[in-house]
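Keep in mind that what you see is a predicted model, and the values were worked out from it rather than measured.
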Amino acid sequence: MDTSAPAAPDATMEAIGRAVAEGRTGDTASARRTLLDLWSQTGVSGDALHRCSLAHYLADLHRDPAEALAWDVRALDAADAVTGQRAREHDCGLRIAGFYPSLHLNLADDYRRLGSFEAAARHIEAARAHAPGLSEDAYGDLVRGAVEEVAGAIARRDRAPRASAPGAAV
């Protein structure tokens, strides 16, 4: 049995995926519009997995760290509401625990760029604490490497955007 296959089609998650792919090819304005439309349709009390995914990707479409922070906070809040069952309904192998290292990493990076180094340090430590939830694959390696990169920037009190950050080319 393929445990990475979606358990059931999810039109919203498919639309999110298409918008993210569009943004990665350079059409960030259109991707942002699509994701914002989906956010409006989902609403602040809608499906937590949809809210988490939308907010996570919307944060990547903002160069301004304050705007990214607002979306990253929404993503973390929504992740706290995603149940294990809901995650498995979307993808049989999906574990919500694997979301937290990246979500805290993004918050750490936002706070670092805003010069709030104490808040950044708290979130980078949370990312490290959740790192055992990452898979042992290229994605897990990418997040673990980014955690150490951001931790170093926090230690240096460096507020510069990271070239390796998602959405850096926005």
Side-chain angles (χ1 to χ4, degrees), residues 10 12-83 86-87 90 94 96-131 133-134 139 142-143 146-147 149-154 157-170:
D10 183 326
T12 300
M13 293 301 283
E14 290 172 0
I16 292 168
R18 287 190 301 273
V20 169
E22 183 177 38
R24 289 182 178 158
T25 63
D27 195 352
T28 56
S30 178
R32 188 180 300 118
R33 278 192 306 277
T34 299
L35 293 174
L36 286 170
D37 286 346
L38 289 167
W39 179 264
S40 293
Q41 293 167 24
T42 301
V44 296
S45 61
D47 183 299
L49 181 61
H50 294 165
R51 289 185 292 119
C52 180
S53 300
L54 285 163
H56 177 69
Y57 291 118
L58 277 162
D60 290 347
L61 294 174
H62 292 281
R63 283 183 188 233
D64 180 341
E67 288 185 277
L69 176 64
W71 287 108
D72 282 328
V73 167
R74 289 178 183 120
L76 182 61
D77 286 346
D80 288 342
V82 177
T83 65
R86 175 60 184 107
H90 172 65
L94 188 61
I96 194 66
F99 288 30
Y100 286 97
S102 178
L103 295 172
H104 283 288
L105 165 66
N106 291 348
L107 286 164
D109 204 33
D110 296 335
Y111 282 120
R112 175 193 67 80
R113 290 194 51 219
L114 291 166
S116 183
F117 295 107
E118 292 75 23
R122 284 191 301 274
H123 280 284
I124 209 67
E125 288 310 312
R128 284 176 168 154
H130 287 285
L134 287 168
Y139 173 75
L142 177 76
V143 173
V147 166
E149 182 183 0
V150 171
I154 293 167
R157 300 294 200 243
D158 181 355
R159 295 177 59 177
R162 292 181 305 122
S164 63
V170 174

Residues pairing under salt bridge (charged side-chain N to carboxylate O under 4.0 Å, His left out) where one sits in residues 16-30, two or more places apart or in two chains, turn out to be none

Heavy atoms of S102 and V143 approach each other most closely as N-CG1, 4.1 Å

Can you tell me how far apart CG (L35) and NE2 (H56) are? Round to the nearest 0.5 Å. 11.5 Å

Distance in Å, S116 OG paired with L107 CG, rounded so as to fall on 0.5 Å steps: 11.0 Å

Partner residues of E125 under the side-chain hydrogen bond (donor to acceptor under 3.5 Å, both in side chains) criterion, sequence neighbours left out: R128

Any chance you could measure R113, atom CZ, to L69, atom CG, to the nearest 0.5 Å? 11.0 Å

May I have all residue pairs that pass salt bridge (charged side-chain N to carboxylate O under 4.0 Å, His left out) and include part of residues 38-48, sequence neighbours excluded? D47-R86

Quick one: pull up CD1 in I96 and NE2 in H90 and give me the separation to the nearest 0.5 Å. 11.0 Å

Can you name the residues that form a side chain to side chain contact (heavy atoms under 4.5 Å, CB included) with A153, not counting sequence neighbours? R112, R156, D158

Pair up each side-chain donor or acceptor in residues 36-45 with any protein partner under 3.5 Å, not counting sequence neighbours, and list the distances.
residue	atom	partner	partner atom	Å
S40	OG	L36	O	3.2
T42	OG1	L38	O	2.8

For the residue pair A79 and L103, what are the closest heavy atoms and their distance? CB-CD1, 3.5 Å

Would the distance check show the side chain of R32 and the main-chain N or O of L58 forming a donor-acceptor pair, the cut-off being under 3.5 Å? no

Is there a side chain to side chain contact (heavy atoms under 4.5 Å, CB included) between Y139 and L134 once you walk through the steps? CA-CA 8 Å; Y139 173 75; L134 287 168; 4.1 Å; yes

Report the residues that fulfil side-chain hydrogen bond (donor to acceptor under 3.5 Å, both in side chains) with R33, sequence neighbours left out, ordered by chain and then residue number. none

Residues that A78 engages under side chain to side chain contact (heavy atoms under 4.5 Å, CB included), provided they are two or more places apart: R51, C52

Could you list the residues that satisfy salt bridge (Lys or Arg N to Asp or Glu O under 4.0 Å) with E149, not counting sequence neighbours? R162

Could you pull out the closest heavy-atom pair between A66 and L114, with the gap in Å? N-CD2, 4.0 Å

Qualifying ring pair (Phe, Tyr, Trp, His ring centres under 6.0 Å) pairs, either residue in residues 99-118, two or more places apart: Y100-H130, H104-H123, H104-H130, Y111-H123

Working for side chain to side chain contact (heavy atoms under 4.5 Å, CB included), residues D10 and H50: CA-CA 10 Å; D10 183 326; H50 294 165; 2.9 Å; yes

Report the residues that fulfil side-chain hydrogen bond (donor to acceptor under 3.5 Å, both in side chains) with T83, sequence neighbours left out, ordered by chain and then residue number. none

Minimum heavy-atom distance I154-A108, with the two atoms named: CD1-CB, 4.4 Å

